[in-house]
Protein chains: 2
Amino acid sequence: MQHQKLATIEDVAAIAGVSIATVSRAINEPGKVADETRRRVTEAVAKTGYTTNAMARSLRMRRSNMILILAPDVGDPNFSNILVGLETEASKRGYGVLIGNTQNDPSRETDYLRFISSNQADGLILFTGHLPYGFGQQHGEARLPPIVAVNEPVPNSDVPYVGVDNFEGARVATEHLISQGHKRIAFIGHSTSKAVNVLREKGYRAALDGAGISIDPRLILDGDGTTESGRAAAEHMFVRDVLPSAFFCVNDATALGVIIALNTRQYVLPRDFSIMGFDDISFASFVTPALTTMKQPRLKIGEAAMNVLLALLEGKPSTQPETLLRAELIVRSSVSRAGRGE
Amino acid sequence: MQHQKLATIEDVAAIAGVSIATVSRAINEPGKVADETRRRVTEAVAKTGYTTNAMARSLRMRRSNMILILAPDVGDPNFSNILVGLETEASKRGYGVLIGNTQNDPSRETDYLRFISSNQADGLILFTGHLPYGFGQQHGEARLPPIVAVNEPVPNSDVPYVGVDNFEGARVATEHLISQGHKRIAFIGHSTSKAVNVLREKGYRAALDGAGISIDPRLILDGDGTTESGRAAAEHMFVRDVLPSAFFCVNDATALGVIIALNTRQYVLPRDFSIMGFDDISFASFVTPALTTMKQPRLKIGEAAMNVLLALLEGKPSTQPETLLRAELIVRSSVSRAGRGE
DNA sequence: TCCGTCTATGTAAACCTTTACATGATTCAT
DNA sequence: ATGAATCATGTAAAGGTTTACATAGACGGA
């Protein structure tokens, strides 16, 4: 009773009194079949509950209508919201979504290639920022399928990229601080190694330039995007006693670190200092003070990325190398007007 | 150049000078093949970069080595951490993981059945708390594959369930409050419609019973698990002026609502009131005061659920109808010793 | 020496589609 | 009336495996 022998196209053909080719056509290209025949087939399908066997179809057609999504950490909330967009769009177009958690482990990355090399997936979405280890090796190794990178671009490649416009978002964020009267604005999270950090810093600089505010290098501090690095950077400023009136942090996690440092030093926020984050991760609205930040359009990023990939799969040449979506300014309470004329 | 015609088992057979049957055996049942032959096949595989076509294999073997995961909201952080466990365990055993976001939409649920009925997935993990709409209909409709329910059991069914032990967790949480000297402990989140809420309330009652504390029905308030319902419930207590010294909330979201209500009323926490949550969602450590709560073993839940499903797939009879995992008490700062002798 | 057993391998069917090509009927233009 | 073109359908191959069954050789015991 486990497997009650599902109806095949042959059963349908027998009942409808036609050949299996006609059944296939009636289902996939209804226009190519006479009205009366189509009716009989439809009826037979209904009677048997026939549903076409995806395996046989994939084998014959050499494609699976599946998309493989590779991410270093599937548990990352930032990822999962983008996933919703990816999945929604894929499902709309009849594609299924396969996920692989690489944990930045090369052997796991290689392992997932089997989905590609055995035709189990037609396309690939990468959150890892690099091609899976083992790709494009010698002959016989997995060929490159259509690929789209999300969040982290793949350097030195022509893989199309979809993500938030970090430069523009950082500029808007910094301009918001400027519009509140801030002139001494720190940037926490300088890093030459992460593309995201670099772009956001550029946006920060562009905003200050645009407002004719000269940049004080002592207000630009290193960070790696973690809460701890944010805390350490803020602490460092107090030790050196070079203080800003506002902190623009490379991301919300860093901003949280800054808030912790300032709270620890008994400052009242946002009276004494303003803080601006980037990302709008889920806890941003729960910190005290609630974090003013730039919201990543995660759903849209997912949808856009999947659409780019599906276009590629349909053979449409990739239109543009990257698709950038705007971040949205979310005003909460961690930013106030500059007080002491700084 | 798109498809460079991957090597097939036939190519390997030709190079190794054996039949395709032998190649298949050399790969899948190495013991059944002579050492020398096995060596030649292995060599030929290496030379061609052969990798078995999963579609053909699935077609022949009538199983896909894929698991379909259906969840109402894939973006839910609670889900995504469980997903990590599910995926890890599946991947270890050579299974792929397919995900479907139902958004509680019956038509989407039905839509995903195609994966089952076309043999694209061998088993099903359900987060939805009910069988997909359209299941078990008349003949021809999708047959039930092996299924495991996670987080929300499927009522009136024999679907095995894996989740946290809500009763036990709630008891431990309440006992913790009691151990801190609290006697007037409110329960926020009473509901007869959600299994989770009912179980947690039972745990709460059991702890009070165990400590010989009589239950004041006025301290048990309705809620649906949302932050707003928590805020409203706390507010309600002040209006009626029936006050506890501690709040045990059905989940962290509710606890957040209570904290917001108390902060708004200018109480100092946890000096004036203690608050205990359940779940340990990501923001729990960032609220002020940081929330003491019961941590769900999400990773383990995922792993356990997948293992139950895989056992089912291997034909092992389901051992027990439900697998309950213990929640862990996470002490932060929202609970303090009872102050005013209450 | 002969027979039965065991081992290693090969042959071919089955899994279920899609689709190139063939066929026969019908329509249309000349 | 005839040939070409169009249309609806059928036949059969191809897609790449796994595996039941067949075969043949080696081996051991009587």
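Labels below follow one simple rule: chain letters A, B, ... track the order of the sequence lines, proteins then strands, and each chain is numbered from 1.
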Q.
Checking A:Glu36 now: which residues fulfil salt bridge (charged side-chain N to carboxylate O under 4.0 Å, His left out) with it, not counting sequence neighbours?
A. A:Arg39, A:Arg40
Nucleotide N/O to protein N/O under 3.5 Å, stretch nucleotides 13-19 of chain C:
unit_1 : atom_1 : unit_2  : atom_2 : d
C:dA14 : N3     : B:Arg60 : NH1    : 3.2
C:dT17 : OP1    : A:Tyr50 : OH     : 2.8
C:dT17 : OP1    : A:Asn53 : N      : 3.4
C:dT17 : OP2    : A:Ile9  : N      : 2.7
C:dT17 : O5'    : A:Tyr50 : OH     : 3.0
C:dT18 : OP1    : A:Asn28 : ND2    : 3.2
C:dT18 : OP1    : A:Arg57 : NE     : 3.2
C:dT18 : OP1    : A:Arg57 : NH2    : 2.9
C:dT18 : OP2    : A:Ser24 : OG     : 2.6
C:dT18 : OP2    : A:Asn28 : ND2    : 3.3
C:dT18 : O2     : A:Arg60 : NH1    : 2.2

Q. With A:Ala44, which residues qualify under side chain to side chain contact (heavy atoms under 4.5 Å, CB included), at least two apart?
A. A:Val12, A:Ile15, A:Ala16
(Q) Among residues at least two apart in sequence or on other chains, which ones pass side chain to side chain donor-acceptor pair (under 3.5 Å) with B:Ser58? (A) none
**Q.** Residues in side chain to side chain contact (heavy atoms under 4.5 Å, CB included) contact with B:Glu89, at least two apart in sequence or another chain
**A.** B:Lys92, B:Glu303, B:Met306, B:Asn307
Q | Overall bend - the helix from C:dT1-D:dA30 to C:dT30-D:dA1, comparing terminal axes fitted on five pairs, nearest 10 degrees | A | 50°
Q | Rounded distance (Å) that lies between atom C1' of D:dT17 and atom CG of B:Asn65 | A | 14 Å
Q: Round to the nearest Å and state the distance from A:Lys32 atom NZ to D:dG10 atom P.
A: 16 Å
**Q.** Contacts of B:Phe127 that satisfy ring-ring contact (aromatic ring centres under 6.0 Å, His included) - sequence neighbours left out
**A.** B:Phe79
Q: Can you sort out the partners of B:Ala14 under side chain to side chain contact (heavy atoms under 4.5 Å, CB included), two or more places apart, ordered by chain and number?
A: none
For residues 158-165 of chain A, which side-chain donor-acceptor pairs fall under 3.5 Å, sequence neighbours excluded?
unit_1   : atom_1 : unit_2   : atom_2 : d
A:Tyr161 : OH     : A:Asn151 : O      : 3.0
A:Asp165 : OD1    : A:Phe167 : N      : 3.4
A:Asp165 : OD1    : A:Glu168 : N      : 3.1

Q) Can any side-chain N or O of A:Ser64 pair as donor or acceptor with the backbone N or O of A:Gln120 at less than 3.5 Å? A) yes
Q.
Students often get this wrong, so: under 4.0 angstrom with heavy atoms, is A:Ser58 touching a base, only sugar-phosphate, or nothing?
A. nothing
